[in-house]
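Positions are given from 1, in the same order as the sequence printed here. Atoms within each ligand, like the ligands themselves, are counted from 1 in listed order. Heavy-atom basis, side chains included; hydrogens, waters and symmetry copies ignored.
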Amino acid sequence: MELCLPGRSPLRLDRPRIMGVLNVTPDSFSDGGRYDGADAAMARGRQMAEEGADIIDIGGESSRPGAQRVSVAEQKRRVLPVIARVRADLDSTAPQVVISIDTTRTEVAEAALDAGASILNDISAGRQSGPGAAGRGASGGSGSTILELAARRGAPVVLMHMQGEPATMQQSPTYLDVVHEVESFLLQRVSVARRAGVPAGQIIIDPGIGFGKSTEHNLALLARLDRLVATGYPVLVGASRKRFIAAVSSPSASLDPADRIGGSCAMTAMAVAAGVSLLRVHAVAANRQAADVALAVCGEKWISHADVHPT
Ligand code: HH2
């Protein structure tokens, strides 16, 4: 399996791919405020590439629980110079490394593609863009959807599950059968994406760990990643440093995000064992190692999992 990228060589999913997180925000839960300037962001992008990242995921809006929305204009102001700078630097140091844009807004996504991004990462799975989109201001709810943009520009798109909105999603997440409901939702959004013209092979699905989910919901989803893998769509998992890791760790349930690396690597290894293709992580070197070791153990099994094609 491979993802076709606009204007670049395809990204082959012949081994687990590491997506390094690069937030250009003041308030992200783990790296907020650390990589605000283009220079700092460029250095971080280069470091992640050296540590084994295949994709750098750049975002200008935090989606941590309780986060407030960031306007299209402000997201563009934050991410566009950084994407251009990181892309230019990678072109001379690690040209195979790809940039993704973490946004729910079509206008930001399109400008990001123009600046050098190649993959669209939409935590709303296409529900927060286009005419009549819920929760949008005037500038976010008009024009085409991010799915139509993905189709028109030939960019792969990540469709993520989220119950509710970041501002309120952790207040009382409720499911009868979280694994079934997340899988059904993702397959329904896949249908919408395909009707918008996105080819099946360009769609990545993501259970949205921490997005409108209790610790128990997250654990249930992580235990059944094989169910999503069996759909044949490449699966992305973003469990890195999330709160459930602290909640199930001893001795302290209040571990800082930076102290959740062991749990993050455990999730990376388990996800690879289940056949997951893409891991979205903060600590690239440690998770690259976890993924490599898990792959060495699983070997052929991972390849056969990851080579299921969507029906
Ligand atoms: N998680 C976050 C942001 N974007 N995208 C995908 N596809 N999957 C995820 O699990 C995911 C995501 C949240 O993590 P982070 O970007 O580190 O924090 P913040 O939202 O506070 O910027």
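- Within a 6.0 Å radius of CZ in R34, other residues, nucleotides and ligands contribute 12 heavy atoms or fewer.
- The closest side-chain donor-acceptor pair between E107 and Q75, if any, does not fall under 3.5 angstrom.
- Between the side chains of S30 and R241, at least one donor N or O lies within less than 3.5 Å of an accepting N or O.
- Counting only N and O atoms by type, the side chains of R243 and S254 include no donor and acceptor under 3.5 Å apart.
- Ligand 1 has an N or O atom lying under 3.5 Å from an N or O atom of G238, backbone or side chain.
- Checked against a 3.5 angstrom limit, the closest N/O atoms of D206 and ligand 1 fall inside it.
- In this structure, M160 and D122 have side chains that are not in contact, with every pair of non-hydrogen atoms separated by 4.5 Å or more.
- The shortest separation from a heavy atom of T25 to ligand 1 is not under 4.0 Å, leaving the residue out of contact.
- Remark: Q170 CD is packed, more than 12 non-hydrogen atoms of other residues, nucleotides or ligands lying under 6.0 Å away.
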In sequence, state the C-alpha distance, the side-chain angles, and the governing distance for R69 and Q128, and then conclude on side chain to side chain donor-acceptor pair (under 3.5 Å). CA-CA 12 Å; R69 299 308 311 244; Q128 293 186 355; 3.0 Å; yes

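- Proximity of M160 to ligand 1, defined as any heavy-atom pair under 4.0 Å, is confined to the side chain (atoms from C-beta onward).
- Using a 4.0 Å cut-off between heavy atoms, S30 makes no contact with ligand 1 at all.
- In terms of protein heavy atoms, atom 10 (O) of ligand 1 is closest to K242 NZ, 2.8 Å.
- Backbone and side-chain nitrogen or oxygen atoms of N121 are examined, and one is located within less than 3.5 angstrom of a nitrogen or oxygen of ligand 1.
- For atom 22 (O) of ligand 1, the nearest non-hydrogen atom of the protein is S28 OG, 2.5 Å.
- Scanning the protein heavy atoms around atom 16 (O) of ligand 1, the nearest turns out to be R280 NH2, 2.8 Å.
- Taking a cut-off of under 4.0 Å to the non-hydrogen atoms of I123, the atoms of ligand 1 that pass are 4 (N), 5 (N), 12 (C).
- Closest protein heavy atom to atom 21 (O) of ligand 1: S62 OG, 2.7 Å.
- Polar contact with ligand 1: absent for E61 (N/O pair, distance under 3.5 Å).
- In this structure, H282 is part of the shell of residues with a heavy atom less than 4.0 angstrom from ligand 1.
- Hydrophobic clustering (side-chain heavy atoms under 4.5 Å, transitive across Ile, Leu, Val, Met, Phe, Trp, Tyr) groups V79 together with V72.
- Selection from N23, D102, D57 by nearest heavy atom to atom 4 (N) of ligand 1 gives D102.
- Of all the atoms in ligand 1, the ones that sit under 4.0 Å from a non-hydrogen atom of V158 are 7 (N).
- Any N or O atom pair closer than 3.5 Å counts here, and F29 shares at least one such pair with ligand 1.
- Atom CD of Q68 is surrounded by 12 or fewer heavy atoms from other residues, nucleotides or ligands within 6.0 Å.
- Using a 4.0 Å cut-off between heavy atoms, L236 contacts ligand 1 through its side chain alone, with no backbone atom that close.
- Taking the ring pair (Phe, Tyr, Trp, His ring centres under 6.0 Å) definition, one finds that F185 meets it with H161, sequence neighbours left out.
- Using a 3.5 Å distance cut-off with no hydrogens or angles, the side chains of N121 and S100 do not pair a donor with an acceptor.
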